[in-house]
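Here's the structure, in structure tokens; my notes come after.
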Amino acid sequence: MQFGIFTVGDVTPDPTTGRTPTERERIKAMVAIALKAEEVGLDVFATGEHHNPPFVPSSPTTMLGYVAARTERLVLSTSTTLITTNDPVKIAEDFAMLQHLADGRVDLMMGRGNTGPVYPWFGKDIREGINLAVENYNLLHRLWREDVVNWEGKFRTPLQGFTSTPRPLDGVAPFVWHGSIRSPEIAEQAAYYGDGFFHNNIFWPADHTKRMVELYRARYAHYGHGTPEQAIVGLGGQVFMRKNSQDAVREFRPYFDNAPVYGHGPSLEDFTAQTPLTVGSPQQVIEKTLAFRDYAGDYQRQLFLMDHAGLPLKTVLEQLDLLGEEVVPVLREEFAKNRPADVPDAPTHASLLAARKDAPAEEGVHA
């Protein structure tokens, strides 16, 4: 399994001090968090994409390219790449360029986003959100696999004899996850292409996540990519830890109560009881995370949200120390126990390249 962190890049006042970081401070903090993730032995850093305040990551490949230059092992990913409002041609070229710069340490997660006004800012209609995701990804998938593309659709100008540049590193497209909280159409899309499915796993109870993952697994098998158990699944999660659970609850409560998304809603106790949020000791985080397998099955990637709601950088770095030193080593060991031999590892550039070399090549097409 891969373990890592994802960020949404919010610029939120610290409720304990009233201070709001500058955009520069927040951007630099995201970089520091990524570097810390590699230092403590995590596998993945994923950044969101937003084009509205109070968020700063409007250009994920710019940030990931910078992080790539300062890391050696970390897989660089996105927690949302807006397939609905970005031009698929630009996504194809930006992430292929990043592949080359990062020596293949790149994948990405498609998503529709949850900010309605973004659609008209980019000339799109939110009522076409699912249709945009389907059509745009179909084009993106082809751009990475076909050297010359002729294409016509509903939402952008046609392409005639078009070649996306640079071509993917080693002729291997970046692995794609399709992220969704509640849209079965996106689970279906991931299954159709044999791509990964990532469930946010933060806001909803386990039975909802279970239904979405089971749908994806069943449809993955339906399309002939393997057994349901061989489907590629990723989950989110959210934690706040201290050595003593009471200290964790006391320290995190003001951040929870004032969080941009769920603040001023359910109590911390209700939210932790009804969702995957864990606030407590490292052992409590281990136990709750291991329980994800009870409803999601054996899966490939676990990402944690740890840097939102105004938490200061110092605190987040302390959280990463605990995650890397006390939590992830145990999770790696426990998740490996009784894991069936036919459950695949998380795809990497190296594994995709090896699979491509083993597969029969199609003329003019990168498999």
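Distance CZ/Phe162 to OG1/Thr157: 10.0 Å, rounded to 0.5 Å. Remark: Asn86 CG to Leu140 CG distance equals 10.0 Å, nearest 0.5 Å.
The aromatic rings of Phe198 and Trp177 stand perpendicular to each other, their planes meeting at an angle above 60°, with 30° marking the opposite boundary. Aromatic ring orientation, Tyr295 versus Phe292: tilted (interplanar angle from 30° to 60°).
Taking the six-membered ring for Trp, Phe240 and Phe256 have ring centres at least 6.0 Å apart. Taking the six-membered ring where the residue is Trp, the centroids of Tyr216 and His199 are separated by 6.0 Å or more.
Looking at Asp195 and His178, their side chains do bring a donor and an acceptor atom within 3.5 Å of each other.
Under a 4.0 Å N-O distance rule, the pair Arg242/Glu251 qualifies as a salt bridge. A salt bridge does not link Asp307 with Lys36: none of the charged nitrogens is closer than 4.0 Å to a carboxylate oxygen. Salt bridge annotation for Lys210-Glu214: present, with a cationic side-chain nitrogen under 4.0 angstrom from a carboxylate oxygen. Salt bridge Arg26/Glu23: absent, no basic N to carboxylate O contact under 4.0 Å. A salt bridge links Glu25 to Arg19: one of the charged nitrogens lies within less than 4.0 Å of a carboxylate oxygen. The pair Arg253-Glu269 meets the salt-bridge criterion, since a charged nitrogen lies less than 4.0 angstrom from a carboxylate oxygen. Look at Glu72 and Arg105 and you find no salt bridge, because none of the NZ, NE, NH1 or NH2 atoms lies under 4.0 Å from a carboxylate O.
Dense packing is recorded around CG of Asp207, with more than 12 heavy atoms of other residues, nucleotides or ligands lying under 6.0 Å away.
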